[in-house]
Every structure is written in C-alpha cells, then in structure tokens.
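These notes concern the structure reproduced below.
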Amino acid sequence: MQYISKYGYKYIIITLILMLVSLNFDIFECFFIFIFIACVIFFRERKNSIKSTDETQILAPIDGKILEISKAELEGKQYTRLTILKSLCGVGVVYAPFSAQQATLRQRHGLFLCSYMKISSALNEKAIYFFQNNGLKFAMRLVAGELSRSLEVQNVSSFVKGDELGFLGSGKIVLFLPLESKICVSVGEKIRSLSTLGYLEKVAVNE
C-alpha cells in the first residue's frame, strides 16, 4: 500500500535531489531538508481502509472544513449543496465519495486566487464530475486554490467508493447531492477524507 500520491512523485524527486546537493556542498542544508519533508507531507495520501458495504454512504472526498450546506440549482435540477474547504495541512488526494456507474468530467482552466476570495469560485481553475448510480444523479465540483499550480483529475467513466480521482493542493470541493440525502455533518465541522458525510436515499428514483 503506497503512502505518497502519484501526483507528488516529480516534486519529491526534485526536492530530494536539491536536498542531496545541499548536503554534499554544505549549502542551506536545513532549508532543503525542511522543503523535502514538507513536500512529502503535502503529497501524502490516506490509507484506504473502507470496510462499509453500505452503498448509500457518502464519504468525505478530502480533508477540510464544512463551509456551507444549502439548497442549490445545477443545470435546472435542485440539489443539496455541501461545500468543503481543503485544509492547508490535510491530505490533498481526492477520493470518490460514492460509487458511480456512469461519470463524465468537464474541466475549465483559470486562475489560482486565494480560496477565501469570493471571486475565486468564478475565476479559478475548476472541474466538475457528473455521476449517476442506480437512477440517482449527483455532481462534485473541484475549485483550485492558491497552492494549486494545476488541477489534477482523472477522466474516468465509472468508479467505486473510495477510488482516487485526483489531487487538490488547496481549494474547495462542492458536492451536489439529492435533496433527500441525510447529512451527518454541520457547518464549521472539520472532517477527514473517507469519513462519513451522510447517506443517500435508499430508494433510487429512476429518471
């Protein structure tokens, strides 16, 4: 089981080389050792140890804090919107919050403004997954923040709960869930990736 995200390999190798060079020439050793350790911590991933077989369970896709839980419209359909702000020192690997039989991805390039700026949601680089599973439709939007130099996402057509979908150095993740979903977290609560956010309705509505 790996403990470092594949998205961080190139950065860790670069900082490792710089650290070895600095140690060899006795130049800024402490600085480059710190940068290497910080890079390893930044790109770590959480060991996937999901044991629940409940298909209705909604998992947290990333480490962070719940910013908002409200109703919102997306492409003409009403959803429960749950916004998570990625924590600075949290795991940045994005995990699938639930299984999906069908998935499509849309990505839009943009800026990397601070996530606390209201305009960042409109101007920053973003991607959105549209999911469908047993007649239920939902979506997950990723908005890059100031520490993300690119938005790393995988374009997959289907996946199971807990699969790795990408990496977000900083920014927000917005889940668009069916209105009947039961949310088990509250605004301001800090969460860990792969923990339980709530549950989807048990009876799927075919649309």
Side-chain angles (χ1 to χ4, degrees), residues 50 52-87 94-111 113 115-145 151 153-163 165-166 168 170-207:
I50 300 174
S52 173
T53 57
D54 188 349
E55 294 184 356
T56 68
Q57 182 186 30
I58 306 169
L59 298 180
I62 202 167
D63 284 8
K65 183 175 70 173
I66 306 296
L67 282 187
E68 178 190 23
I69 300 175
S70 62
K71 291 184 179 180
E73 182 176 313
L74 180 66
E75 299 197 340
K77 184 176 176 61
Q78 290 291 323
Y79 291 93
T80 294
R81 179 173 59 193
L82 192 155
T83 303
I84 304 169
L85 176 66
K86 194 260 179 180
S87 57
V94 179
Y95 297 98
F98 25 62
S99 299
Q101 297 165 339
Q102 298 179 25
T104 57
L105 172 68
R106 299 178 190 171
Q107 190 168 2
R108 194 202 72 179
H109 297 294
L111 304 177
L113 302 175
S115 299
Y116 288 99
M117 299 173 62
K118 292 184 178 180
I119 198 172
S120 65
S121 296
L123 298 182
N124 281 15
E125 186 161 328
K126 65 183 66 176
I128 185 168
Y129 283 100
F130 290 94
F131 311 123
Q132 185 168 339
N133 193 35
N134 294 327
L136 293 175
K137 296 181 180 179
F138 25 79
M140 180 173 71
R141 176 182 291 148
L142 292 80
V143 183
L151 190 55
V153 287
Q154 296 187 33
N155 192 354
V156 292
S157 58
S158 63
F159 47 81
V160 297
K161 179 172 59 179
D163 278 356
L165 295 181
L168 186 68
S170 65
K172 302 174 185 176
I173 289 185
V174 184
L175 295 176
F176 293 89
L177 307 169
L179 292 175
E180 300 81 4
S181 302
K182 295 181 180 179
I183 307 301
C184 301
V185 293
S186 56
V187 174
E189 184 175 342
K190 293 182 180 180
I191 57 171
R192 286 164 54 93
S193 56
L194 301 178
S195 62
T196 301
L197 291 180
Y199 296 90
L200 299 169
E201 58 180 346
K202 293 185 176 181
V203 180
V205 180
N206 294 315
E207 301 187 24

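Every heavy atom of this structure was used, including side-chain atoms; hydrogens, water molecules and symmetry mates were not.
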Specify the closest pair of heavy atoms between [X] and [Y], including all atoms of both residues, with the distance to one decimal.
X	Y	result
V160	A96	O-CB, 3.7 Å
A139	F130	CB-CD2, 4.0 Å
V143	S120	CG1-O, 4.0 Å
L197	I84	CD1-CD1, 4.2 Å
A144	L151	CB-CD1, 4.3 Å
G145	S115	CA-OG, 3.6 Å

Any side-chain heavy atom of [X] sitting closer than 4.5 Å to one from [Y]?
X	Y	answer
E125	Q107	yes
K161	S99	yes
V94	M140	yes
Q102	T104	no
F159	L165	yes
Y129	L142	yes
D163	Q154	no

Distance-only, no hydrogens or angles: does the [X] side chain make a donor-acceptor pair with backbone N or O of [Y] under 3.5 Å?
X	Y	value
K126	S121	yes
T83	V174	no
R108	N124	yes

request  = Give me the ring orientation class for F138 and F98: parallel if the planes are under 30° apart, tilted from 30 to 60°, perpendicular past 60°.
outcome  = tilted
task = Count the heavy atoms belonging to other residues, nucleotides or ligands that lie under 6.0 Å from CD1 of I119, then report whether that count exceeds 12.
result = no
inquiry  = Applying side-chain contact (heavy atoms from CB on, under 4.5 Å) to F176 and K137, what does each step give before you reach the verdict?
reply    = CA-CA 9 Å; F176 293 89; K137 296 181 180 179; over 6 Å; no
What's the spacing between [X] [atom1] and [Y] [atom2] if we round to 0.5 Å?
X	Y	atom1	atom2	answer
D63	L168	CG	CG	11.5 Å
E73	Y79	CD	OH	10.0 Å
L200	E180	CG	CD	10.0 Å
L67	I173	CG	CD1	12.0 Å
L105	N155	CG	CG	5.0 Å
S193	K86	OG	NZ	10.0 Å

key: Test side-chain contact (heavy atoms from CB on, under 4.5 Å) applied to V185 and L82, step by step   = CA-CA 10 Å; V185 293; L82 192 155; 4.1 Å; yes
inquiry  = Would T196 and Q57 count as a side-chain hydrogen bond (donor to acceptor under 3.5 Å, both in side chains) here? Give the steps.
reply    = CA-CA 7 Å; T196 301; Q57 182 186 30; 2.7 Å; yes
Reference residue Y199; test side chain to side chain contact (heavy atoms under 4.5 Å, CB included); the match among D54, I183, L177 = D54
